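Everything on this sheet refers to the single structure shown next.
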Amino acid sequence: MRRPRHASVRCMTAENSNTDYMQIALDEAAAAARADEVPVGAVLVSATGEVLARAHNQMRRIKDPTAHAEILVIRAACEKLGNERLTDCSLYVTLEPCPMCAGAIAEARLAKLFYGASDIKGGAVDNGVALFHQKSCHHAPDIIGGLRERECADLLKGFFALRRNG
């Protein structure tokens, strides 16, 4: 079984396309905040660079606890490609995926995972259960954390600050 390879964007030069895709995810996260959803956005990209799906959290809107941005883009991309495997695809998400989303990433066999802000409480990639490091994990994507981390974290912090103070 392949273990995830981690790269910190602080120690590498991210390609412009990576930051462009994360901008799409940030735009989705901003849309979530405007809809009073936790501001997490995601975009799923093919090996050729085609955006297959983009989404933001919609748990409150559709009253579905599984309607995380990651799950929504994985479902949409699988539907678009007519396949439950997304082996050559990359996922960009503004927040470190939770256990449910990390499990879906493994099941979809995604090639790469780029995430923005770490999630000390709910994350399952580099925090919490660190799913991709478990022996029971059948697939682990290449992982690049910290892509546009400050912007992703600031969006979340601002959203929750308004909720506490408003």
Side-chain angles (χ1 to χ4, degrees), residues 1-26 28-29 38-57 59 64-153 156:
M1 173 182 37
R2 186 171 71 109
R3 290 283 127 219
R5 288 182 288 148
H6 280 67
S8 170
V9 289
R10 291 176 210 89
C11 300
M12 65 180 269
T13 303
E15 297 176 18
N16 287 341
S17 60
N18 288 339
T19 58
D20 293 344
Y21 294 130
M22 187 57 85
Q23 182 59 55
I24 296 169
L26 279 161
E28 287 291 332
V38 174
V40 176
V43 62
L44 212 145
V45 180
S46 74
T48 62
E50 176 189 0
V51 173
L52 298 172
R54 58 188 289 170
H56 56 270
N57 279 359
M59 296 174 296
D64 178 354
T66 69
H68 290 200
E70 301 96 308
I71 299 296
L72 297 174
V73 296
I74 288 170
R75 287 176 181 161
C78 287
E79 180 71 26
K80 183 173 187 172
L81 297 176
N83 195 337
E84 75 282 6
R85 300 285 191 241
L86 302 170
T87 55
D88 294 326
C89 297
S90 297
L91 175 65
Y92 295 80
V93 61
T94 57
L95 182 64
E96 178 182 354
C98 71
M100 174 183 68
C101 294
I105 289 164
E107 292 297 325
R109 307 298 197 261
L110 286 167
K112 294 181 183 178
L113 167 64
F114 297 83
Y115 72 86
S118 292
D119 186 352
I120 303 301
K121 287 174 85 173
V125 175
D126 290 320
N127 292 289
V129 298
L131 181 77
F132 302 124
H133 296 285
Q134 303 304 315
K135 290 179 183 176
S136 60
C137 184
H138 297 293
H139 172 79
D142 292 335
I143 300 162
I144 299 170
L147 183 61
R148 298 184 71 175
E149 182 175 21
R150 176 164 287 166
E151 294 164 85
C152 295
L156 286 155

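Remember, predicted model here, so these are calculated numbers, not experimental data.
- Considering every non-hydrogen atom in both T66 and R75, the closest pair reads OG1-NH2, 3.3 Å.
- To the nearest 0.5 angstrom, T19 atom OG1 is 7.0 Å from L147 atom CG.
- Scanning for side-chain hydrogen bond (donor to acceptor under 3.5 Å, both in side chains) contacts around D88 gives an empty result, with sequence neighbours left out.
- Using a 4.5 Å heavy-atom cutoff, the side chains of N127 and D119 are not in contact.
- Nearest approach of P141 to L110, heavy atoms of both residues: CB-O, 3.3 Å.
- Residues forming a side-chain hydrogen bond (donor to acceptor under 3.5 Å, both in side chains) with E151 (at least two apart in sequence, or on another chain): R148.
- To the nearest 0.5 angstrom, C152 atom SG is 11.0 Å from Y115 atom OH.
- The heavy-atom pair separating P99 from G122 by the smallest distance is CD-O, 3.4 Å.
- Judged by distance alone, the side chain of E149 and the main-chain N or O of A117 form no donor-acceptor pair under 3.5 Å.
- Shown here are the side chain to side chain contact (heavy atoms under 4.5 Å, CB included) partners of N83, two or more places apart in sequence or in another chain: R85.
- Counted within 6.0 Å of CD on E79, heavy atoms from surrounding residues, nucleotides or ligands total 12 or fewer; the atom is thus considered open.
- Using a 4.5 Å cut-off on side-chain heavy atoms (C-beta onward), L113 and V93 make contact.
- Atom-to-atom distance recorded for M22:CE and I144:CD1 is 10.0 Å, nearest 0.5 angstrom.
- I24 contributes atom CD1, which lies 10.5 Å from atom CG of L26 (distance to the nearest 0.5 angstrom).
- How far CG of D126 is from CZ of F132: 9.5 Å, rounded to the nearest 0.5 Å.
- One finds the CZ atom of R109 at 7.5 Å from the NE2 atom of H138 (value rounded to the nearest 0.5 Å).
- Between K112 and L91 the shortest side-chain heavy-atom distance does not fall below 4.5 Å.
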Less than 3.5 Å apart, which donor and acceptor atoms pair up between the side chains of residues 39-56 and the rest of the protein, not counting sequence neighbours?
from : atom 1 : to  : atom 2 : distance (Å)
S46  : OG     : T48 : N      : 3.3
S46  : OG     : T48 : OG1    : 2.9
S46  : OG     : G49 : N      : 3.4
S46  : OG     : E50 : N      : 3.1
E50  : OE2    : K80 : NZ     : 3.2
R54  : NE     : E28 : OE2    : 2.8
H56  : ND1    : E28 : OE1    : 2.8

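- C101 is linked by a side chain to side chain contact (heavy atoms under 4.5 Å, CB included) to H68, E70, I71, P97, C98, counting only residues two or more places apart in sequence or in another chain.
- Panel note: side chain N57, backbone M59; no donor-acceptor pair is recorded below 3.5 Å.
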Give the C-alpha distance, both sets of side-chain angles, the deciding distance and a yes or no for side chain to side chain contact (heavy atoms under 4.5 Å, CB included) between I105 and L86.
-> CA-CA 9 Å; I105 289 164; L86 302 170; over 6 Å; no

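- A heavy-atom distance below 4.5 Å is not found between the side chains of F114 and I143.
- For T87, there are no side-chain hydrogen bond (donor to acceptor under 3.5 Å, both in side chains) partners at least two apart in sequence or on another chain.
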